[in-house]
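The structure under discussion appears below in the form of structure tokens.
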Amino acid sequence: MKKFFPLFVLFLFLQQTFHVAQAATRTFHGETMGTTWNVSIVTDAELPDSPTVQKAIEEALRQVDYRMSTWKDFSELSRINQTEDGTEPIPLSPELDFVLKTALDVSAKTDGAYDITVGPLVNLWKFGPEENVPEIPSDAAIAKARENVGWQNLQRVDGPALKRTQPGLYLDLSSIAKGYGVDVTAKALHDLGITNYMVEVGGETRTCGKNGQGKPWVIGIEAPIPGVQQLFGTVEPQDGALATSGDYRNFRMEGDKRRSHIIDPRTGRPTEHSLVSVSVRASDCMTADAWATALLVLGPVEGVQTAKREKISALFLTREGETLVPTAVDFTWRRIPTEKGAEGSSRVASRLTEIFIGVVLFLFFFFAIGMSQLLGRRKMRCSCGAARAMEQERAQIIRRIKNLDEER
Ligand code: ADP
Ligand code: MG
């Protein structure tokens, strides 16, 4: 038993250090719609095996991608965009019709600031799938593209089907498809009996139930600083969704000017204002995603006014000089002050250092005991030999003195 004691102590030490005993959470991840997805589920009940869950998520997201991508020329949306203008309505899948309904609703409530027919302008500014586009579009090209933009020219009719009342329309659902993908994934998890989960697709998230510690899921809001990964705040969406739109991830530099991928259809140009990110909390992620883009287009003043009027729960972050200023509209969140954030990360770093030092000391301790025993034994043998040799030498000297005495 004694022999195993050090091992037992080591096990306890590692268990305490790395919290081995925490509730099990299974994670899944992959790629879709040109971005990544992550799902966490808490395995607190009899749940399907991991390959089944992974397959269900992949299938759900593939369906969305194959219906709503403008980057795949065979998708349902691309085929609609390729359909010659005519008088006949184009049949739609119920899924596409459902997303279209929300998109048109947000367009109506934002007076066209949010507009999924913005596609020609997105392509013109080199943020779409179209290649061979000049670096900076001319004013004439912008004016021409704007002629083909207008959500009022789209009509959902029975079928479901889509009627276009103007030629040259090109639909772009990039601002809403990821959020919809999150919702479809959440449904796929529910269908498998999973009710404690967190789904994230390209930064848009939805949570349900509790996390591995039996607490509400906490989602971080990034500080909208290009090239920096730092949290600005946290939100607990409970059984709901959180989507963020910002100009700090997808942009292009033109000299020292940043070109955002968010286009204001009213000007035909990338947005240029102090509002750098908008996070929206809603019961479903499709709605949150569309509104986050819409409020970002509207900007710091109109965006806040519209969120108040339409009762949208949103957090606006504006840049004033070097400072990020938050404006919350019916939005519950927790701020991470920069210093505290730094403290937080240094706390993690010092905790890791503690763990490392702990492990090293622990191993050194056992090594030292082993070595001291080994060396100790050798040293004792040495000193015994030396004592014996000294004794023999002393005896010889005494004998030699005795002999000398006798000779005298
Ligand atoms: P992200 O895709 O980075 O999460 P969004 O959800 O805000 O960001 O979607 C941005 C995309 O929406 C753009 O890349 C473009 O395809 C499209 N878009 C740009 N401007 C608008 C607009 N005014 N209305 C609707 N969609 C837009
Ligand atoms: Mg969006």
Side-chain angles (χ1 to χ4, degrees), residues 32-37 64-65 68-71 77-78 81 99-100 102-130 133 142 145-146 148-152 154 169-183 200-206 221-222 224 226 241-252 258-273 275-282 284-299 302-303 306 312 314 316:
T32 186
M33 301 182 233
T35 185
T36 55
W37 61 263
V64 178
D65 198 16
M68 303 181 190
S69 174
T70 46
W71 297 82
L77 187 68
S78 289
N81 283 336
V99 174
L100 215 60
T102 302
L104 294 178
D105 180 52
V106 178
S107 292
K109 289 175 175 163
T110 57
D111 202 14
Y114 179 80
D115 190 338
I116 54 161
T117 66
V118 77
L121 286 166
V122 173
N123 283 336
L124 194 64
W125 286 97
K126 280 174 95 88
F127 289 109
E130 213 164 284
V133 191
I142 294 170
R146 279 191 67 205
N148 292 330
V149 176
W151 63 277
Q152 301 94 331
L154 296 176
L169 294 175
Y170 176 97
L171 277 54
D172 175 358
L173 293 177
S174 304
S175 60
I176 191 170
K178 285 200 294 278
Y180 176 67
V182 170
D183 293 338
E200 179 262 329
V201 179
E204 323 300 17
T205 49
R206 182 163 171 164
I221 295 180
E222 263 187 303
L242 180 79
T244 297
S245 203
D247 75 346
Y248 58 101
R249 280 274 184 80
N250 194 350
F251 62 88
R252 220 177 42 247
R258 213 164 63 215
R259 289 259 178 251
S260 162
H261 68 316
I262 306 292
I263 313 288
D264 189 337
R266 301 164 301 183
T267 60
R269 295 170 183 279
T271 52
E272 274 183 58
H273 45 56
L275 181 59
V276 282
S277 98
V278 181
S279 297
V280 172
R281 160 89 178 76
D284 69 281
C285 202
M286 172 181 65
T287 306
D289 194 5
W291 271 107
T293 308
L295 296 176
L296 189 64
V297 178
L298 286 168
E302 253 191 292
T306 308
I312 304 296
F316 298 76

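Every value quoted in this text rests on a predicted model; they were computed, and no experiment measured them. All ligand and atom numbering here is 1-based and tracks the order in the structure.
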(request) Look at atom 14 (O) of ligand 1 and find which of M33, E204, K178, H261 reaches it with the closest heavy atom. (result) H261

(request) Give me the protein N, O or S atoms that fall under 2.8 Å of the Mg ion (ligand 2), sorted by chain and residue number. (result) S175 O, D289 O, D289 OD1, T293 OG1

(request) For Y114, take its heavy atoms, then give the atoms of ligand 1 lying under 4.0 Å from any of them. (result) 24 (N), 25 (C)

(request) Kindly state each residue pair satisfying side-chain hydrogen bond (donor to acceptor under 3.5 Å, both in side chains) with at least one member in residues 288-299, sequence neighbours excluded. (result) none

(request) Tell me which one of A288, A113, S175 gets a heavy atom nearest to atom 12 (O) of ligand 1. (result) S175

(request) Give a yes or no on this: more than 12 heavy atoms of other residues, nucleotides or ligands lie within 6.0 Å of atom CG of D105. (result) yes

(message) Any heavy-atom pair between the side chains of L275 and L296 that's under 4.5 Å?
(response) yes

(request) For residues W125 and I142, determine if any side-chain heavy atom of one lies less than 4.5 Å from a side-chain heavy atom of the other. (result) yes

(message) If you measure every N or O of T293 against every N or O of ligand 1, does any of those distances drop under 3.5 Å?
(response) yes

(message) Just verifying a value: how many Å separate I262 CD1 and L295 CG, rounded to the nearest 0.5 Å?
(response) 11.5 Å

(request) Can you sort out which atoms of ligand 1 are near I262, meaning under 4.0 Å from one of its heavy atoms? (result) 7 (O), 10 (C), 19 (C), 20 (N)

(message) Using a 4.0 Å cut-off to any heavy atom of P265, which atoms of ligand 1 qualify?
(response) 23 (N)

(request) Using a strict 4.0 Å cut-off to heavy atoms of D289, name the atoms of ligand 1 that fall inside it. (result) 6 (O)

(message) For L298 and R266: C-alpha separation, side-chain torsions, deciding distance, then whether side chain to side chain contact (heavy atoms under 4.5 Å, CB included) applies.
(response) CA-CA 10 Å; L298 286 168; R266 301 164 301 183; 3.7 Å; yes

(message) Taking 4.0 angstrom as the limit and counting only heavy atoms of V297, give me the atoms of ligand 1 inside it, by number and element.
(response) 23 (N)

(request) Please say whether I263 places an N or O atom under 3.5 Å from an N or O atom belonging to ligand 1. (result) yes

(request) State the atoms of ligand 1, each with its element, that fall below the 4.0 Å cut-off from a heavy-atom position in D172. (result) 15 (C), 16 (O), 17 (C)

(request) Side-chain contact test, heavy atoms from C-beta onward, threshold under 4.5 Å: evaluate it for P129 versus N123 and give yes or no. (result) yes

(message) Rounded to the nearest 0.5 Å, what separates atom OG in S107 from atom CG in L154?
(response) 8.5 Å

(request) Could you walk me through whether T244 and E222 pass side chain to side chain contact (heavy atoms under 4.5 Å, CB included), step by step? (result) CA-CA 9 Å; T244 297; E222 263 187 303; over 6 Å; no

(message) I'd like the name of whichever of V278, D115, T70, V201 reaches closest to atom 25 (C) of ligand 1 through any heavy atom.
(response) D115

(message) Between V201 and R206, is there a side-chain heavy-atom distance shorter than 4.5 Å?
(response) no

(request) Indicate yes or no: at least one non-hydrogen side-chain atom of V122 is less than 4.5 angstrom from one of Y170. (result) no

(request) May I ask whether G128 places a heavy atom under 4.0 Å from ligand 1? (result) no

(message) Donor-acceptor pair, distance only, cut-off 3.5 Å: does the side chain of T102 make one with the backbone of T287?
(response) no

